[in-house]
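Would you mind keeping the following structure in view while I ask a few things?
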2 protein chains.
Amino acid sequence: MKQRTKRRAFPREGHDHADCVASALDAAETRCADRGARLTPLRRRVLEIVWRGHAPVRAYEVLDRLREDGAGAAAPPTVYRALDFLMEHGLVHRIESLNAFIGCDHPDEAHSGQFLICRDCGLVAELDDAEISGVLARKARALGFVDERATVELRGLCPECRGGRG
Amino acid sequence: MKQRTKRRAFPREGHDHADCVASALDAAETRCADRGARLTPLRRRVLEIVWRGHAPVRAYEVLDRLREDGAGAAAPPTVYRALDFLMEHGLVHRIESLNAFIGCDHPDEAHSGQFLICRDCGLVAELDDAEISGVLARKARALGFVDERATVELRGLCPECRGGRG
DNA sequence: GATCGAAATGTTATGATATAACATGACAAT
DNA sequence: ATTGTCATGTTATATCATAACATTTCGATC
Ligand SMILES: [Zn+2]
Ligand SMILES: [Zn+2]
Ligand SMILES: [Zn+2]
Ligand SMILES: [Zn+2]
């Protein structure tokens with residue numbers, strides 16, 4: 001995957017987000033082409049909406065944006081189907097503790113991600129740390145449990161917000 | 001906390017579950033007394049319902065059981081308030097990826113728990129592993145993020161179900 | 001370029017989860 | 001008994017998600 005700019009866990013406030021979006025859409029095109037999946041205009045548009053920022057987006061927010069587009073109608077199944085597709089192909093992740101969705105900035109291979117969620121500003125950073133997934137799989141395995149998918153979501157304060165109030 | 005029987009991550013099918021429930025209710029009484037919290041009959045009953053087994057229970061299932069009790073009416077806020085109380089005092093945990101609740105078998109101190117969820121039989125085992133919480137806090141901290149609460153939920157196959165199908 | 005099957009989207013309805021807002025009741029301290 | 005606090009009851013609604021079926025799109029094949 002081509003990466004136009006160096007990414008940081010929590011992006012700076014003034015960063016070039018148009019570039020984040022462009023990278024994500026490019027990566028999505030590539031990934032879908034590689035996998036023989038069809039990134040239709042609707043799916044592409046939903047991905048773009050999810051990439052509105054670095055905070056998770058809820059399904060009905062996506063729905064509202066689609067409706068603002070005016071073009072076609074839009075109903076919940078439209079949104080959920082597009083999000084399912086995007087998740088299936090690793091382009092977005094679902095944040096279980098927020099019932100919301102966030103774009104993946106490295107949709108390279110199958111991964112469930114680990115998320116740092118700032119309770120103050122709402123920004124989310126994705127990790128994909130092998131040591132974390134390793135220790136989880138190992139501890140589970142020690143109890144005879146086979147880990148297939150890990151949901152890891154940490155809630156707390158991001159560097160910016162921590163600075164603001166100690 | 002008094003522990004009547006040695007617990008295992010995934011309890012045996014034929015174990016004495018009445019003992020699990022009794023221990024949990026005892027521990028809850030003790031913990032609430034210690035903290036000056038009121039474990040009212042309603043809250044106690046909800047806790048008992050959540051402890052129906054070792055699989056998570058959904059809020060509206062709790063509601064249905066309460067209604068079967070007949071006594072008072074019951075509406076969603078009744079259930080959610082009781083569950084909030086129980087969570088606040090560490091007696092139950094919420095499983096975010098299932099929108100469901102499970103009793104805690106070691107409500108000793110504040111902890112968010114780590115959960116192994118069997119996709120086949122639905123049983124859930126709780127871990128409270130310091131190495132896991134340690135590596136999560138450390139990795140987060142390395143990025144300047146302060147972890148306040150970790151949601152860790154692994155989906156996969158428990159020992160019983162793994163045995164059944166390889 | 002017609003036909004066809006599969007995939008995608010549209011459409012309607014409903015199910016499932018959760019909370020807001022306000023009224024009433026229980027209870028202990030004064 | 002009065003008062004304040006906490007708990008619960010009650011009504012309504014917000015929010016999240018899917019079932020079921022109709023229609024459209026689109027590429028593959030003839
Ligand atoms: Zn950005
Ligand atoms: Zn990712
Ligand atoms: Zn048991
Ligand atoms: Zn616990």
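Each chain gets a letter, A, B and so on, in the order the sequences are listed, and its residues count up from 1.
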Subject >> NZ/NE/NH1/NH2 to OD/OE distance under 4.0 Å, Arg65(B) and Glu48(B) >> reply: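 Looking at Glu48(B) together with Arg65(B), the answer is no, because their closest N to O distance does not fall below 4.0 Å.
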Original post:
Roughly how far, to the nearest 0.5 Å, is the OG atom of Ser133(A) from the CG atom of Asp128(A)?
Top reply: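 One gets 6.5 Å once the value is rounded to the nearest 0.5 Å.
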**OP:** Give every residue pair that meets the salt bridge (Lys or Arg N to Asp or Glu O under 4.0 Å) criterion with at least one member in residues 93-102 of chain A, sequence neighbours excluded.
**Re:**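 Matches after skipping sequence neighbours: Arg94(A)-Glu96(A).
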**OP:** On DNA chain D, check which nucleotide each of Arg38(A) and Ala82(B) is closest to and give me the residue with the more 5' one.
**Re:**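 So the residue in question is Ala82(B).
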Original post:
In whole Å, what is the span from the CG atom of Asp84(B) to the P atom of dT19(C)?
Top reply: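 Interatomic distance, CG of Asp84(B) to P of dT19(C): 7 Å.
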**OP:** Grab the CG-P distance between Asp64(B) and dG15(C) for me, whole Å please.
**Re:**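 Rounded to whole Å, this separation is 14 Å.
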Original post:
Nearest-Å distance, CZ (Arg43(B)) to C1' (dT8(D))?
Top reply: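 Value for this atom pair: 9 Å.
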**OP:** Report the distance from atom CZ of Arg67(A) to atom C1' of dT11(C), rounded to the nearest whole Å.
**Re:**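 Going from Arg67(A) (CZ) to dT11(C) (C1'), I get 12 Å.
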Original post:
Toward the 5' end of DNA chain D, which comes first, Ala37(B) or Ala75(B), by nearest nucleotide?
Top reply: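 The answer here is Ala37(B).
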Original post:
Between Tyr80(B) and dA18(C), is there a side-chain N or O to OP1/OP2 distance below 4.0 Å?
Top reply: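 Yes, because at least one side-chain N or O of Tyr80(B) sits under 4.0 Å from OP1 or OP2 of dA18(C).
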**OP:** Grab the CG-P distance between Leu39(A) and dC26(D) for me, whole Å please.
**Re:**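 After rounding, the gap between these two atoms is 14 Å.
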Subject >> Cluster overlap Leu66(A) with Leu91(A), hydrophobic side-chain contacts below 4.5 Å >> reply: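 Leu66(A) and Leu91(A): one cluster.
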Original post:
When all nucleic acid strands are considered with a 4.0 Å heavy-atom cut-off, which category describes Arg58(A): base, sugar-phosphate, or nothing?
Top reply: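 Sugar-phosphate contact only.
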Subject >> Shortest side-chain distance from Leu42(B), nucleotide among dT8(D), dA17(D), dT10(D) >> reply: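 Of the options given, the side chain of Leu42(B) lies nearest dT8(D).
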**OP:** Please state whether the base of dA17(D) and the side chain of Tyr60(A) form at least one donor-acceptor pair under 3.5 Å?
**Re:**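 Pair found.
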Original post:
For Met87(A) and dA17(D), what is the distance between atoms CE and C1' respectively, to the nearest whole Å?
Top reply: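 Going from CE in Met87(A) over to C1' in dA17(D) covers 11 Å.
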Original post:
Separation of Arg81(B) atom CZ from dT10(D) atom C1', in whole Å?
Top reply: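 So the two atoms are 9 Å apart, to the nearest Å.
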Original post:
Listed in order of residue number, which residues of residues 91-102 of chain B have a non-hydrogen atom at under 4.0 Å from DNA chain C?
Top reply: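 Per residue number, the list reads Arg94(B), Asn99(B).
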Original post:
For the pair made of CZ in Phe85(A) and P in dT18(D), what is the distance, rounded to whole Å?
Top reply: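 Taking atom P of dT18(D) as the reference, CZ of Phe85(A) is at 18 Å.
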Subject >> side chain to side chain contact (heavy atoms under 4.5 Å, CB included), paired with Phe115(B), selected from Leu98(B), Ile102(B), Leu127(B) >> reply: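 It is Ile102(B), the one option of Leu98(B), Ile102(B), Leu127(B) that forms the side chain to side chain contact (heavy atoms under 4.5 Å, CB included) with Phe115(B).
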**OP:** Quick one: list whatever passes salt bridge (charged side-chain N to carboxylate O under 4.0 Å, His left out) with Arg58(A), sequence neighbours left out.
**Re:**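 Salt bridge (charged side-chain N to carboxylate O under 4.0 Å, His left out) check on Arg58(A) returns Glu61(A).
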Subject >> Under-4.0 Å salt bridge between Asp147(A) and Arg141(A) >> reply: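 Not counted as a salt bridge, because no side-chain N and carboxylate O are separated by less than 4.0 Å.
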Subject >> Pro77(B) vs Thr78(A), nearer the 5' end of DNA chain C by closest nucleotide >> reply: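 Result: Thr78(A).
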